K.L.:
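This is the structure I have questions about; it appears just below.
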Amino acid sequence: MSGGGETWTSTRSGALVGELRVPGDKSISHRAVMFASLADGVSRISGFLEGEDTRATARAFAAMGVTIEQSSDSERIVHGVGLHGLSAPSAAIDCGNAGTGMRLLTGILAGQAFDSTLTGDESLSRRPMRRVIDPLSRMGACIDAEDGGLPPLRIHGGRSLTGIDYALPVASAQVKSALLLAGLYANGETTVREPHPTRDYTERMLAAFGWPVAFSAGIAKVSGGGHLRATNVVVPADFSSAAFFLVAASIVPGSDLLLREVGINPRRTGLLDALKLMGADIVAERPRELGGEAVADLRVRHAPLRGIAVPEALVPDMIDEFPILFVAAAAATGTTLVTGAAELRVKESDRIAVMAQGLRTLGVAIQETPDGAVIEGGALGGGAVDSVGDHRCAMGFAVAGLIADGEVRIRDCANVATSFPGFVELANGCGFALRR
Ligand code: S3P
């Protein structure tokens with residue numbers, strides 16, 4: 001797992017200044033390709049994330065007979081084939097590193113007339129799939145997995161699905177979305193209840209593509225038997241990619257960055273609330289709508305941070321931001337306590353363990369707990385850390401290097417291209433000192 005890929009070196013930088021737009025939102029890009037492929041008619045996706053994860057999803061639909069043109073960088077024209085128009089892929093579909101791709105595709109493929117197989121890279125092959133297999137099986141799907149509910153997944157087609165009323169045991173937008181997508185193919189109503197509201201892009205995009213969907217925070221319902229109507233999708237900049245710059249500028253003295261057109265759907269911006277509690281100076285300028293999603297330009301200036309107990313209610317709204325939150329905590333004064341975040345152990349890596357080990361190497365006093373960590377802020381030193389191929393851990397360590405007394409060498413960074421192609425160039429353009 002680790003050892004492959006590329007090594008980066010991040011060193012102390014001067015102030016970070018300038019304006020930038022990070023690439024398109026990963027969650028929205030995945031869904032846009034899926035919905036556009038299943039719609040009747042032609043949809044244009046602008047601001048599509050040219051990352052490996054989302055490209056793998058586009059390739060999956062191309063392999064099932066959907067014509068997807070790359071009209072320009074970050075734009076796709078998708079010739080939808082309709083809900084029942086996919087054809088059997090001639091080989092297994094490789095979802096790469098993408099949990100979202102695999103889990104949402106499982107929901108769609110459960111409703112097809114043909115058999116299919118989903119595979120993934122080493123990291124994805126270790127991620128739990130029972131959470132989608134079990135409820136989909138209750139709907140009538142037939143899905144085989146490896147021992148322990150791991151990929152590859154073999155999905156048997158030709159099953160008749162029936163809607164269920166399902167309470168998710170853990171808050172997960174991926175599981176919710178897989179069930180709603182299967183619900184499009186099911187007889188009757190599918191209801192998903194969440195222990196805490198999660199990102200609602202599937203629900204919002206269903207509505208944009210003309211499918212009746214009832215949803216409010218924590219509950220969503222669809223009924224089968226309709227049509228998706230092609231529509232154009234404009235993808236905002238990904239808050240989770242902006243997050244690295246929000247923390248970087250907060251911790252490097254003299255910094256002043258403007259991050260343009262960032263999606264600020266409240267189900268994604270828990271880190272903003274956490275950073276503000278820590279004393280960060282971040283202002284959402286020109287809040288507006290872009291393609292039906294709330295966006296703003298985020299201005300972030302350096303400010304001394306102090307440790308906090310991260311409110312557990314924020315955890316689902318910042319679930320992808322813990323690697324960088326750990327770095328903010330290491331740079332803060334005092335203690336930061338993270339609890340209620342056991343899900344971090346089943347992300348692209350065990351993010352609690354990977355960040356704790358790396359930050360400890362850099363001299364940070366950090367103690368792991370089963371569902372979080374206790375992090376003492378203080379000075380960071382240099383050292384060699386391993387991202388174990390987790391894109392967000394790699395970028396988190398790159399930010400840590402900006403304030404370290406010594407070089408931070410980061411192993412296995414190639415997977416940053418899954419979510420943030422061009423990170424090194426964009427980061428160096430605003431003042432990072434990051435070498436490959
Ligand atoms: C995502 C949901 C989250 C998140 C992931 C993207 C989505 O996963 O961590 O990066 O697009 O629905 P979970 O549903 O497993 O929490």
Side-chain angles (χ1 to χ4, degrees), residues 25-32 34-35 53-54 57 98-108 127-136 164-184 190-208 211 213-222 235-236 238-243 262-274 292-294 310-323 325 338-348 351 371-372 392 419:
D25 187 279
K26 179 150 73 78
S27 293
I28 296 177
S29 296
H30 277 299
R31 288 164 172 81
M34 294 177 181
F35 285 104
D53 279 11
T54 44
T57 291
T100 305
M102 183 173 282
R103 293 196 178 115
L104 272 59
L105 267 168
T106 304
I108 293 171
R127 297 185 66 185
M129 294 296 150
R130 281 254 168 273
R131 51 182 62 196
V132 286
I133 296 171
D134 288 348
L136 288 172
I164 54 169
D165 186 327
Y166 188 69
L168 295 182
V170 286
S172 164
Q174 292 179 358
V175 180
K176 169 178 65 176
S177 302
L179 301 186
L180 294 176
L181 286 164
L184 307 186
T190 299
T191 302
V192 185
R193 301 171 197 275
E194 308 179 275
H196 184 285
T198 62
R199 65 193 72 189
D200 54 4
Y201 299 128
T202 297
E203 298 91 306
R204 298 164 67 85
M205 217 180 275
L206 276 171
W211 195 288
V213 49
F215 67 102
S216 56
I219 181 162
K221 290 180 197 224
V222 290
V235 184
D238 197 322
F239 181 86
S240 295
S241 296
V262 182
I264 52 164
N265 180 314
R267 298 281 72 84
R268 295 293 299 285
T269 52
L271 180 76
L272 268 187
D273 301 325
E293 278 293 326
V310 177
E312 282 194 17
L314 287 182
V315 168
D317 294 345
M318 55 182 290
I319 194 64
D320 292 332
E321 276 56 83
F322 281 93
L325 182 275
V338 174
T339 55
E343 274 293 294
L344 297 178
R345 295 204 180 269
V346 291
K347 292 295 178 187
E348 286 83 328
R351 287 183 169 160
D371 65 341
R392 299 200 200 284
S419 69

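The chain is numbered in sequence order, starting from 1. Everything quoted here is computed from the prediction, not taken from an experiment.
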K.L.:
Taking it one step at a time, do Leu314 and Leu271 satisfy side-chain contact (heavy atoms from CB on, under 4.5 Å)?
P.N.:
CA-CA 8 Å; Leu314 287 182; Leu271 180 76; over 6 Å; no

K.L.:
A side-chain contact here means heavy atoms from C-beta on lying under 4.5 Å apart; do Phe239 and Asn265 qualify?
P.N.:
no

K.L.:
Looking at every non-hydrogen atom in both residues, tell me the closest pair between Pro316 and Glu312 and how far apart they are.
P.N.:
CD-O, 3.8 Å

K.L.:
For Lys26 and Thr100, does a side-chain donor sit closer than 3.5 Å to a side-chain acceptor?
P.N.:
no

K.L.:
Do you know the tightest heavy-atom contact between Ser240 and Glu321?
P.N.:
OG-OE2, 2.9 Å

K.L.:
Of all the heavy-atom pairs spanning Thr54 and Ser29, show the shortest one and how long it is.
P.N.:
CG2-CB, 3.6 Å

K.L.:
If we check side-chain hydrogen bond (donor to acceptor under 3.5 Å, both in side chains) with Arg268, which of these qualifies: Asp25, Asp320, Asp317?
P.N.:
Asp25

K.L.:
Determine whether the side chains of Ser177 and Thr202 contain a donor N or O and an acceptor N or O closer than 3.5 Å.
P.N.:
yes

K.L.:
I need the single residue from Arg31, Arg204, Arg267 that forms a salt bridge (charged side-chain N to carboxylate O under 4.0 Å, His left out) with Glu293. Which is it?
P.N.:
Arg204

K.L.:
Taking the side chain as every heavy atom from C-beta outward, state whether Leu168 and Pro195 have any pair of such atoms under 4.5 Å apart.
P.N.:
yes

K.L.:
Who passes ring-ring contact (aromatic ring centres under 6.0 Å, His included) against Phe322, sequence neighbours left out?
P.N.:
none

K.L.:
Please name the residue in the list His30, Arg199, Arg103 that meets the side-chain hydrogen bond (donor to acceptor under 3.5 Å, both in side chains) test with Gln174.
P.N.:
Arg103

K.L.:
Does a side-chain heavy-atom distance below 4.5 Å link Phe35 with Leu181?
P.N.:
yes

K.L.:
How would you list, by chain and number, every residue that makes a salt bridge (Lys or Arg N to Asp or Glu O under 4.0 Å) with Arg193, sequence neighbours excluded?
P.N.:
Asp165

K.L.:
Is any side-chain heavy atom of Met318 less than 4.5 Å from a side-chain heavy atom of Asp273?
P.N.:
no

K.L.:
Hey, is the main chain of Val175 close enough, under 3.5 Å, to the side chain of Ser172 for a donor-acceptor pair?
P.N.:
yes

K.L.:
Would you say that Leu136 contacts Leu179 through its side chain, given a criterion of any heavy-atom pair below 4.5 Å between the two side chains?
P.N.:
yes

K.L.:
If I compare all heavy atoms of Val262 with all of Ala242, which pair ends up nearest, and what's the gap?
P.N.:
CG1-CB, 4.0 Å

K.L.:
For a quick test of reading the model, state the closest non-hydrogen atom pair linking Arg127 to Val346 and the distance between them.
P.N.:
NE-O, 3.2 Å

K.L.:
So, are Glu343 and Arg131 salt-bridged, with charged N and O less than 4.0 Å apart?
P.N.:
yes

K.L.:
If you compare all heavy atoms of Ala178 against all heavy atoms of Val132, which two are closest, and at what distance to 0.1 Å?
P.N.:
CB-CG1, 3.7 Å

K.L.:
Any donor and acceptor pair, going by atom type alone, linking the side chain of Asp371 with main-chain N or O of Gly340 inside 3.5 Å?
P.N.:
yes

